[in-house]
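Here's the structure, in structure tokens; my notes come after.
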Amino acid sequence: MRDPAPRVLAVIPARGGSKGVPGKNLAEVGGVPLVARAVHACRTARLVSEVLVSTDDPAIAEAARAAGAITVERPAPLSGDTATSEAAVLHALDTDEARHGRLADVVLLVQCTSPFLTADDVDGVTAAVLEGADTAVTAAPFHGFLWRDLATGATPSSGHGVNHDAAHRPRRQDRPEDLLETGAAYAMRGDGFRAVRHRFFGRTALVRTDPARVLEIDDPHDLARARALAPLLDRNEAPGARRPGPGDVDAVVLDFDGTQTDDTVQIDAEGRERVSVHRGDGLGIAALRDAGIPLLILSTEQNPVVTARARKLRIPVLHGVDRKDEALKQWCDEQGVDPARVLYAGNDANDLPCFALAGWPVAVASAHEPVRRAARAVTTAPGGRGAVREIASWLLGPDLKSPHRP
């Protein structure tokens, strides 16, 4: 019998209390809450099996679930100022084992306070442990001269060289490379972490990351810097980082299963299918329709439930379509719409041909990995959980009250 694939659990501690930056984990950078950015980096990593957010705050929990994470309610003793991140991760690890009946092979500690963490960083520390290290940490090359002020009490200030001899100033290329712990992502063997209860033990691998992306948000000045840097550093790593705004899109085309639903279906004894949709998505579609933006539901499935939903939303539908890209091109021709100004939202491999045709391919947060990577923008909400409502807010503003288009 083959061994099961390694389970990799990413845990994001995100408590509600923060003295340096009140409400820090919900603060937006690049238009996305910090907790959602961390969830997205983990969800788009190739090696992560599941993402848990440990929190004591209902608003953080809601944002984390909207981004596609599972939430764990953190007990009060683990939520105070003196509680350690390790304690939160251990609690989440125990909760996960109770759910799955198996201890995760690798557990990650991922910090919301590092807004420019990438999926590659997450995969890097994970791979290091899967390949034999006991622990791993993201670290950035550092070539500076460190000093420490030895002043104490009445003693005058006196600088002391920490990583160098102050009397000897070698050139940068002649100095050994130092590595700065970024505080963004840590990986540990699950069994070892439970035994030692600390993020470092055994052999620690240092996983190099881009020093330009290293920023920890500890005070309002850090948050301001992150917001200023987001337009420069965000590419496809953060959901919504390259999202379209008002005036960028002339038409919106939506997949159905997995985009407007959670991709599950219930079948009754008569073989009739039932799906779950999100009321917020209906509100968003109505707002887009009222704004005069042409809309279409495009689905491979031939299903009465798709027709019923389209009728309810009062928008056209094409379903039972084998070549969705050909149907999309024909619809654009009929509507006189340039495909380069079409937003197409999808979640699975059969949407990729439409992604190649549309100017704004958008993946919902729960989309499969190749789809997320092919997307120009990714929602923070999963399919069937408000992703379409989120897209509408990109195009019309959060209140969905953009002026009516002629």
Side-chain angles (χ1 to χ4, degrees), residues 9-18 21-44 48 50-76 78-80 83 85 88-89 91-92 95-96 99 110-115 117 217 223 226-227 238-241 243 258-264 276-285 287 345 347 362-367 372 377-394 396-400:
L9 175 68
V11 179
I12 302 171
R15 66 186 183 89
S18 174
V21 181
K24 176 170 63 179
N25 290 320
L26 288 174
E28 292 190 356
V29 170
V32 180
L34 287 174
V35 66
R37 292 179 71 99
V39 170
H40 182 76
C42 294
R43 280 182 55 83
T44 53
V48 172
E50 199 158 60
V51 183
L52 297 188
V53 172
S54 170
T55 186
D56 59 333
D57 186 293
I60 292 175
E62 181 179 357
R65 286 191 293 268
I70 296 170
T71 57
V72 174
E73 185 175 355
R74 193 187 304 192
L78 303 182
S79 302
S85 296
V89 175
H91 174 259
T95 302
D96 179 74
R99 289 179 62 244
V110 176
Q111 305 277 28
C112 294
T113 48
S114 294
L117 173 72
I217 296 178
L223 182 58
R227 287 170 170 167
R243 64 194 184 190
T259 300
Q260 298 180 61
T261 77
D262 62 2
D263 220 14
T264 61
S276 176
V277 296
H278 195 277
R279 288 190 182 277
D281 286 347
L283 180 66
I285 288 172
N347 80 302
V362 173
V364 297
S366 51
R372 292 197 303 270
V378 181
T379 66
T380 60
R385 297 278 297 277
V388 179
R389 167 65 171 81
E390 181 180 339
I391 290 168
S393 73
W394 297 350
L396 302 177
D399 59 1
L400 303 182

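The residues of the chain are indexed from 1 along the displayed sequence.
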Audit row: Val29, Leu34, side-chain contact (heavy atoms from CB on, under 4.5 Å) steps and yes/no: CA-CA 7 Å; Val29 170; Leu34 287 174; 3.7 Å; yes
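- Considering every non-hydrogen atom in both Thr71 and Ala64, the closest pair reads CG2-CB, 3.9 Å.
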Verdict with supporting geometry, Arg74 and Thr55, side-chain contact (heavy atoms from CB on, under 4.5 Å): CA-CA 5 Å; Arg74 193 187 304 192; Thr55 186; 5.7 Å; no
Could you go through the side-chain contact (heavy atoms from CB on, under 4.5 Å) check for Val364 and Glu390 one step at a time? CA-CA 10 Å; Val364 297; Glu390 181 180 339; over 6 Å; no
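- Looking at every heavy atom in both residues, Leu26 comes nearest to Ala59 through CD1-CB, 3.6 Å.
- The two residues Thr380 and Ala36 have their closest heavy-atom pair at CG2-CB, 4.2 Å.
- At a threshold of 4.5 Å between non-hydrogen side-chain atoms, the residues Asp263 and Ser366 do not count as touching.
- Using a 4.5 Å cut-off on side-chain heavy atoms (C-beta onward), Arg227 and Pro115 make no contact.
- Residues forming a side chain to side chain contact (heavy atoms under 4.5 Å, CB included) with His91 (at least two apart in sequence, or on another chain): Val72, Pro75, Leu78, Thr95.
- With Asn25 as the partner, the side chain to side chain contact (heavy atoms under 4.5 Å, CB included) test is satisfied by one option alone out of Ile217, Ile60, Val53: Ile60.
- The two residues Ala14 and Val35 come nearest to each other via the heavy atoms CB-CG2, 4.3 Å.
- In this structure, the separation between CG on Asn347 and CZ on Arg372 is 10.5 Å, given to the nearest 0.5 Å.
- Here the side chain of Thr379 pairs a donor or acceptor atom with the backbone of Ala365 at under 3.5 angstrom.
- Using a 4.5 Å heavy-atom cutoff, the side chains of Val89 and Pro13 are in contact.
- Taking CZ of Arg15 as the start and SG of Cys112 as the end, the distance is 12.0 Å to the nearest 0.5 Å.
- When all heavy atoms of Leu223 and Val21 are compared, the closest pair comes out as CD2-CG1, 4.0 Å.
- Contact detail for Val110 and Cys42: the closest heavy-atom pair is CG2-SG, 3.7 Å.
- Between atom CZ of residue Arg389 and atom CG of residue Leu400 there is a gap of 4.0 Å, rounded to the nearest 0.5 Å.
- A donor-acceptor pair shorter than 3.5 Å can be found between the side chains of Thr264 and Asp262.
- The closest side-chain heavy-atom distance from Gln260 to Ile285 is below 4.5 Å.
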